[in-house]
Student: 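My structure is below; once you've seen it, I'll send some questions.
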Protein chains: 2
Amino acid sequence: MATYLIRKLEQFTQLSSEDKQKLERAAAAKVRVVRPREDIIREGDKPRQVNLILDGWACRYKVLEDGRRQIVGFLVPGDVCDIRMFILKQIDHSMGALTPVRVAEIPSDTLLDVIDTSPRLTRAMWWNSLVEEAISREWTTSLGQREAIERLSHLFCELYFRLKAVGLTENGQGRKSFEFPVTQDQLADATGMSTVHVNRTLQLMREQELIIWKGKTVTIPDLEALMSVAMFNANYLHLDRDGHELDANEP
Amino acid sequence: MATYLIRKLEQFTQLSSEDKQKLERAAAAKVRVVRPREDIIREGDKPRQVNLILDGWACRYKVLEDGRRQIVGFLVPGDVCDIRMFILKQIDHSMGALTPVRVAEIPSDTLLDVIDTSPRLTRAMWWNSLVEEAISREWTTSLGQREAIERLSHLFCELYFRLKAVGLTENGQGRKSFEFPVTQDQLADATGMSTVHVNRTLQLMREQELIIWKGKTVTIPDLEALMSVAMFNANYLHLDRDGHELDANEP
DNA sequence: GACGAGCGTTAACCCTTGTTATCCCACTGT
DNA sequence: ACAGTGGGATAACAAGGGTTAACGCTCGTC
């Protein structure tokens with residue numbers, strides 16, 4: 001159940017089989033299914049438990065008074081929606097399902113207990129939330145400095161590396177691909193662009209063979225080219241366990 | 001020494017005098033002075049200690065390969081630069097002084113010890129980093145959805161509330177003001193706008209009497225008006241200890 | 001007292017991106 | 001077979017904001 005989370009945490013540090021079992025048990029407690037467009041948590045809710053994405057895609061988003069919406073992050077399998085938030089009186093942003101999503105509802109106490117009894121897990125969960133913070137800063141940088149094509153390219157790079165870390169990418173004949181069940185509308189909300197301009201820019205990216213996007217599958221024919229356009233530097237994802245360098249050509 | 005940090009944390013919870021003394025002692029250990037334009041920490045550095053801003057203004061920023069710079073957050077007195085980062089191998093963004101800054105260098109162990117021996121402080125520090133995350137998401141929202149005048153207005157609102165929390169605002173004749181030693185250039189890097197457009201937009205804001213900015217002092221003649229333009233909702237700063245509502249008219 | 005650095009201000013022009021409005025296709029339910 | 005809906009693709013036009021290039025003011029320094 002918690003396979004993806006475990007895979008992700010193991011990017012940071014090796015977990016003992018005991019640690020893994022603890023996570024598995026915690027995630028197995030209660031599973032909820034959320035349909036597309038439904039919220040997993042809504043801004044203003046009081047945090048009661050911690051939500052772990054088991055399957056499907058979701059996003060964090062904020063809505064302005066006049067209805068404008070900004071997606072501030074994508075949530076993929078293995079992502080924990082709201083760890084540590086239980087010390088706040090209310091959540092300051094919403095999380096909504098983009099596809100059918102299976103969520104494990106872990107009672108705060110259970111998670112606290114899991115963490116308290118394993119320093120290694122504590123560190124791994126800290127690492128995880130530091131990475132989320134770093135991703136948020138990188139989004140700010142993208143929205144502030146990168147222009148349309150760079151911004152989209154950067155997002156595809158980010159998602160490729162994150163999905164690779166949980167084993168949700170494929171690598172056939174040097175072409176990397178992954179499931180990407182997001183509409184252009186949602187992509188517009190995430191990149192701060194209009195739908196029309198997202199579409200225009202995607203056409204351009206296809207022309208330049210930066211991505212191939214058919215149905216719900218995105219293929220990256222040349223990751224280094226995409227990274228170069230995006231000025232993507234994977235350091236902020238902190239995936240370099242044991243100082244081992246990230247390499248675009250590695251499977 | 002740690003006065004501002006203590007004031008900030010007390011927005012979240014009452015601290016015992018013992019807690020406060022612990023923080024004071026930790027902050028008194030070693031103080032470094034950083035000159036304007038110098039870095040407090042540079043991207044790629046290995047975190048060795050935790051830096052607490054005692055005095056002055058700084059910012060977090062990221063630089064793209066081609067030199068474009070995005071400021072991803074402002075650091076004011078009482079802000080902790082890099083708590084929790086010591087579990088990472090390297091820092092993923094730089095922090096630079098905007099004015100002369102006095103920084104307390106707190107050894108990681110000291111801080112861990114302080115936190116470990118006081119659950120209340122632990123929670124307060126957690127709360128603090130959750131607020132920082134929330135601010136980062138709000139910046140993403142601003143850059144993605146708010147247009148120039150809204151974006152600048154929002155930033156002034158954020159800074160007003162943050163500075164109020166540490167006692168660095170004044171409130172004479174209903175007009176709120178604070179020291180704001182930031183150049184239009186830096187404001188441009190923070191809002192993802194060009195310097196020229198920052199200037200244009202500031203002129204507009206002065207015309208509409210949203211702000212008065214003379215020398216290094218910003219005055220807000222009508223906070224509610226500014227908040228309205230910015231579509232500012234202070235919830236994300238989580239300053240509502242004991243469920244007490246935030247009110248623009250309160251001193 | 002002259003000079004330059006740093007910062008703010010303005011104008012003219014242009015380009016990236018947003019807006020509005022169609023049209024098309026694939027899917028779904030009846 | 002039909003309409004309805006959601007998603008994608010395009011075109012024409014408008015506008016917000018970037019770029020470039022001046023100019024001016026206030027310091028601090030020699």
Side-chain angles (χ1 to χ4, degrees), chain A residues 35-38 57 59 64 66-71 96-100 142-153 155 179-208 211-218 229, chain B residues 35-38 57 64 66-71 96-100 142-155 179-208 211-218 229:
Chain A
R35 283 172 302 180
R37 292 160 187 281
E38 267 182 15
W57 282 60
C59 67
L64 301 189
D66 65 356
R68 279 179 269 173
R69 181 172 96 132
Q70 178 66 37
I71 291 178
L98 300 175
T99 66
S142 258
L143 288 170
Q145 301 300 327
R146 284 185 249 258
E147 53 181 50
I149 194 171
E150 299 165 341
R151 214 180 287 178
L152 280 172
S153 299
L155 182 56
E179 292 301 291
F180 186 62
V182 173
T183 67
Q184 295 188 359
D185 236 352
Q186 292 158 350
L187 212 41
D189 283 344
T191 53
M193 299 160 57
S194 67
T195 315
V196 175
H197 200 54
V198 165
N199 186 279
R200 274 196 286 247
T201 308
L202 285 172
Q203 304 301 339
L204 195 62
M205 291 179 70
R206 288 197 252 246
E207 260 177 44
Q208 301 183 8
I211 54 157
I212 300 162
W213 184 2
K214 274 182 193 155
K216 295 190 189 307
T217 305
V218 162
V229 169
Chain B
R35 283 171 303 181
R37 292 161 187 279
E38 268 182 14
W57 282 59
L64 301 188
D66 65 355
R68 278 178 269 174
R69 180 172 96 131
Q70 177 67 36
I71 291 179
L98 300 174
T99 66
S142 258
L143 288 170
Q145 301 300 326
R146 285 185 249 256
E147 53 181 50
I149 194 170
E150 299 164 342
R151 216 180 285 177
L152 280 173
S153 299
H154 196 277
L155 183 57
E179 291 302 290
F180 186 64
V182 173
T183 67
Q184 294 188 0
D185 235 354
Q186 292 158 348
L187 212 41
D189 281 346
T191 53
M193 298 159 57
S194 68
T195 315
V196 174
H197 200 55
V198 165
N199 185 278
R200 274 196 286 244
T201 309
L202 286 172
Q203 303 302 338
L204 195 64
M205 290 178 70
R206 288 196 252 245
E207 260 177 43
Q208 301 183 6
I211 54 158
I212 300 162
W213 184 2
K214 274 181 192 156
K216 295 190 189 307
T217 305
V218 162
V229 169

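As the structure is a prediction and not an experimental result, all values here were calculated from the model. Protein chains get the first letters and strands the later ones, always in sequence-line order, with residue 1 at the start of each. Values below: all heavy atoms of this structure, side chains included; hydrogens, waters and symmetry mates excluded.
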Student: Base, sugar-phosphate alone, or nothing: which one does B:R146 contact when heavy atoms must sit under 4.0 Å apart?
Tutor: nothing
Student: Have a look at the helix from C:dG1-D:dC30 to C:dT30-D:dA1 and give the angle its two end axes make, five pairs each, rounded to 10 degrees.
Tutor: 40°
Student: Tell me: CZ of A:R68 to C1' of C:dG18, nearest whole Å?
Tutor: 12 Å
Student: What is the distance from CG of B:L152 to P of C:dG8, rounded to the nearest Å?
Tutor: 13 Å
Student: How close or far is atom C1' of C:dT16 from atom CG of A:L204, stated in whole angstroms?
Tutor: 12 Å
Student: Any side-chain to backbone donor/acceptor pair from A:Q70 onto A:A190? Under 3.5 Å, distance only.
Tutor: yes
Student: Taking only the side-chain heavy atoms of B:T183 (C-beta and beyond), determine which of C:dT17, C:dG8, D:dG18 contains the nearest atom.
Tutor: C:dG8
Student: Assuming nearest nucleotide by heavy-atom distance, tell me which of A:I149 and B:R37 is located more 5' along DNA chain C.
Tutor: B:R37
Student: In whole Å, what is the span from the NZ atom of A:K214 to the C1' atom of D:dG7?
Tutor: 18 Å
Student: Scan nucleotides 10-13 of chain C against the protein and return all N/O pairs shorter than 3.5 Å with their distances rounded to 0.1 Å.
Tutor:
residue	atom	partner	partner atom	Å
C:dT10	OP2	B:Q203	NE2	3.4

Student: Filter on salt bridge (Lys or Arg N to Asp or Glu O under 4.0 Å), then keep only pairs touching residues 142-153 of chain B, sequence neighbours left out; what's left?
Tutor: A:R68-B:E150, B:E138-B:R146
Student: C:dT17 C1' sits how many Å from A:L202 CG, rounded?
Tutor: 15 Å
Student: For a quick check of understanding: with a heavy-atom distance under 4.0 Å over all strands, which category does A:G192 fall into, base, sugar-phosphate or nothing?
Tutor: sugar-phosphate
Student: Would you indicate whether the side-chain heavy atoms of B:V218 and B:I212 approach each other to under 4.5 Å?
Tutor: no
Student: Given D:dG7, C:dT19, D:dG17, identify the nucleotide with an atom nearest to the side chain of B:A148.
Tutor: D:dG17
Student: Please report, rounded to the nearest Å, how far the P atom of C:dT20 is from the NE2 atom of A:H197.
Tutor: 17 Å
Student: Contact between A:R69 and A:Q186 at the side-chain level, heavy atoms closer than 4.5 Å - yes or no?
Tutor: yes
Student: Applying a 4.0 Å non-hydrogen cut-off, can you work out what B:R151 is touching in the nucleic acid: base, sugar-phosphate, or nothing?
Tutor: nothing
Student: I need the A:T191 OG1 to A:Q184 CD distance, nearest 0.5 Å.
Tutor: 10.5 Å
Student: Checking B:W213 side chain against B:G215 main chain: does a donor-acceptor pair fall under 3.5 Å?
Tutor: yes
Student: With heavy-atom distances below 4.5 Å as the criterion, would you say the side chains of A:L152 and A:M193 are in contact?
Tutor: yes
Student: Let me know the distance between CE of A:M193 and P of C:dT19, rounded to the nearest Å.
Tutor: 12 Å
Student: Provide, to the nearest angstrom, the distance between the CG atom belonging to A:D185 and the P atom belonging to C:dT19.
Tutor: 13 Å
Student: Got a second to check how far A:E207's CD is from A:L202's CG, nearest 0.5 Å?
Tutor: 12.0 Å
Student: Between A:T201 and A:I149 (side chain of the first, backbone of the second, donor and acceptor by atom type, cut-off under 3.5 Å), is there such a pair?
Tutor: no
